[in-house]
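Remarks on the structure that follows.
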Amino acid sequence: MKLNTLRSTYTDGLEFFGKLSPYELAAKYGTPLYIYNEKILRERCRDLLALSDHPGFAVNYSVKANANLALLRIIRSEGLIADSMSPGEVYIAMQAGFSADQILYVCNNVSGEEMRYPLERGILVSVDSLRQLEELGKVNRGGKAVVRFNPGIGAGHHKKVITAGAETKFGIGAGDIPEMQDILARYEMKLAGVNQHIGSLFLDPQGYLDAVDVLLDLARAFLPDLELIDFGGGFGIPYQKYAGQARLDLTGMAREFDARIKAFSRETGYRGRFLIEPGRYISAECGLLLGAVHNTKNNGNIRFVGTDLGFNTLMRPVLYGSFHDIEIYREGAGPDNNLMPQTLVGNICESGDILAKDRELPEMQVGDLVAALDAGAYGYVMSSSYNQRLRPAEVLIDEKGDDILIRRRETLEDLLHLTPINI
Ligand SMILES: *Cc1c(COP(=O)(O)O)cnc(C)c1O
């Protein structure tokens, strides 16, 4: 096992960087750099495919978590389908090879005009309010509709689902069903699918399973037209890698989930698809963001470590206060267990540009490389060119351990790509 040192046991154990070291990758591609490991991505796909062997079961990857074409092709090759929420996500999913029946369009607050984009390509559209169902009717008379429900309708019987229901601002409630039927009838549309998304990163499956029960109960009312029942995403990952945070118990969950959908099929004769809609679980752990330390400075008790990982490259810590574990690589050095509180900041001119606050880490110095782990979901897709910094490159470590550039770094010219020069 190759040691990348100071603090690297997690990626060392996975041989995350393949044949090259993080120093060699940084020298070859520069930093900041997103690096993805194909083997881990495939494992995460298979973890979720193992939730059920029911022939109608499918894993509907939420493209918004990471839309890199190379990753989408890998995900597709594992047999997943694609959940898209904008014309851009449909476009990229189709470029990755997903066919119309392998894409679901889940939208909220969009124009009827926008809905034409998936409809013209034969893709099912899911709406999440009565007013949006009406818009869909206007552009899809005589067609199919998918409706997103709020599982809060399980009230009373399922305490945990109430929490889930209250947390999600999307979907229509049980009280809206008669009016939904009127709208469907008015536009001669068929209800082809029902879906939900309980919203949050869960590490205890019980709330999700309760919501599965609620949606299955509701689905009974819409048989036999129904072709698709989609239970949503939210499958969590342990971000606290070095604290040994436990993984979601997918084996236990599989037993419960599989039993529920098989019982439903048996009791109702339903022959359509059962979908789950994970984003983060599939792509977060295969990716990390590699950066360099350019400055250190002590302010009272706190040691600030200045890096090139501004929030233009990884927004989650600033946007949600999210935790990403940090690794530190220093060529030739041994592991260091002398810890001190340090705060990692980026190079954006905002005092809030903090990647990791008050972390107990080995003392960092200029020239070290650092990595923010679990950055494969909601990482690059949320990056920007704020401060006119260039979006990072993305590299894939394939199953043989070879590195492949899957998106080049932006250039200065890219910053003026959309601006006519002679204005
Ligand atoms: C974001 C989103 C997902 C994926 O959520 P994760 O927490 O990444 O699993 C699934 N479905 C819908 C409708 C979403 O908006």
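Atoms considered below: every heavy atom in the structure, side chains included; atoms not considered: hydrogens, waters and symmetry mates. Counting convention: from 1, in listed order, for ligands and their atoms alike. What you see is a predicted model; the values in this text were computed from it and never measured.
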Atoms of ligand 1 close to G279 [distance to a heavy atom under 4.0 angstrom, numbered from 1] | 4 (C), 6 (P), 8 (O), 9 (O)

Location of contacts on H197 toward ligand 1, heavy atoms closer than 4.0 Å = side chain

May I ask you to check if ligand 1 and K64 share an N or O to N or O distance below 3.5 Å?
-> yes

Donor-acceptor list for residues 118-127 side chains, cut-off 3.5 Å, not counting sequence neighbours:
| unit_1 | atom_1 | unit_2 | atom_2 | d |
| --- | --- | --- | --- | --- |
| R121 | NH1 | Y117 | O | 2.8 |
| S126 | OG | N195 | OD1 | 3.2 |
| S126 | OG | N195 | ND2 | 3.3 |

Centroid-centroid distance, Y10 to F16, less than 6.0 Å | no

Any donor-acceptor N/O pair, D258 side chain to R255 backbone, under 3.5 Å = no

So, F57 versus F274, ring centres under 6.0 angstrom or not?
-> no

Can you check salt bridge (charged side-chain N to carboxylate O under 4.0 Å, His left out) on R247 and E285, steps first, answer last?
-> CA-CA 12 Å; R247 298 194 69 79; E285 292 175 293; 2.8 Å; yes

R359 to F323 six-membered ring, cation-pi geometry met (6.0 Å, 45°) = yes

Location of contacts on S62 toward ligand 1, heavy atoms closer than 4.0 Å = side chain

Report, in ascending order of atom number, the atoms of ligand 1 lying under 4.0 Å from any heavy atom of M85.
-> 12 (C), 13 (C), 14 (C), 15 (O)

By number and element, which atoms of ligand 1 are closer than 4.0 Å to a non-hydrogen atom of Y378?
-> 1 (C), 4 (C), 5 (O), 6 (P), 8 (O)

Measure the distances from the heavy atoms of G232 to every atom of ligand 1 and state whether one is below 4.0 angstrom.
-> no

Using a strict cut-off of 4.0 Å, indicate which atoms of ligand 1 neighbour a heavy atom of P278.
-> 9 (O)

Taking the six-membered ring of Y242 (Phe, Tyr or Trp), confirm whether the NZ or CZ of R7 is under 6.0 Å from its centre and within 45° of its axis.
-> yes

Does A65, backbone or side chain, put an N or O under 3.5 Å from an N or O of ligand 1?
-> no

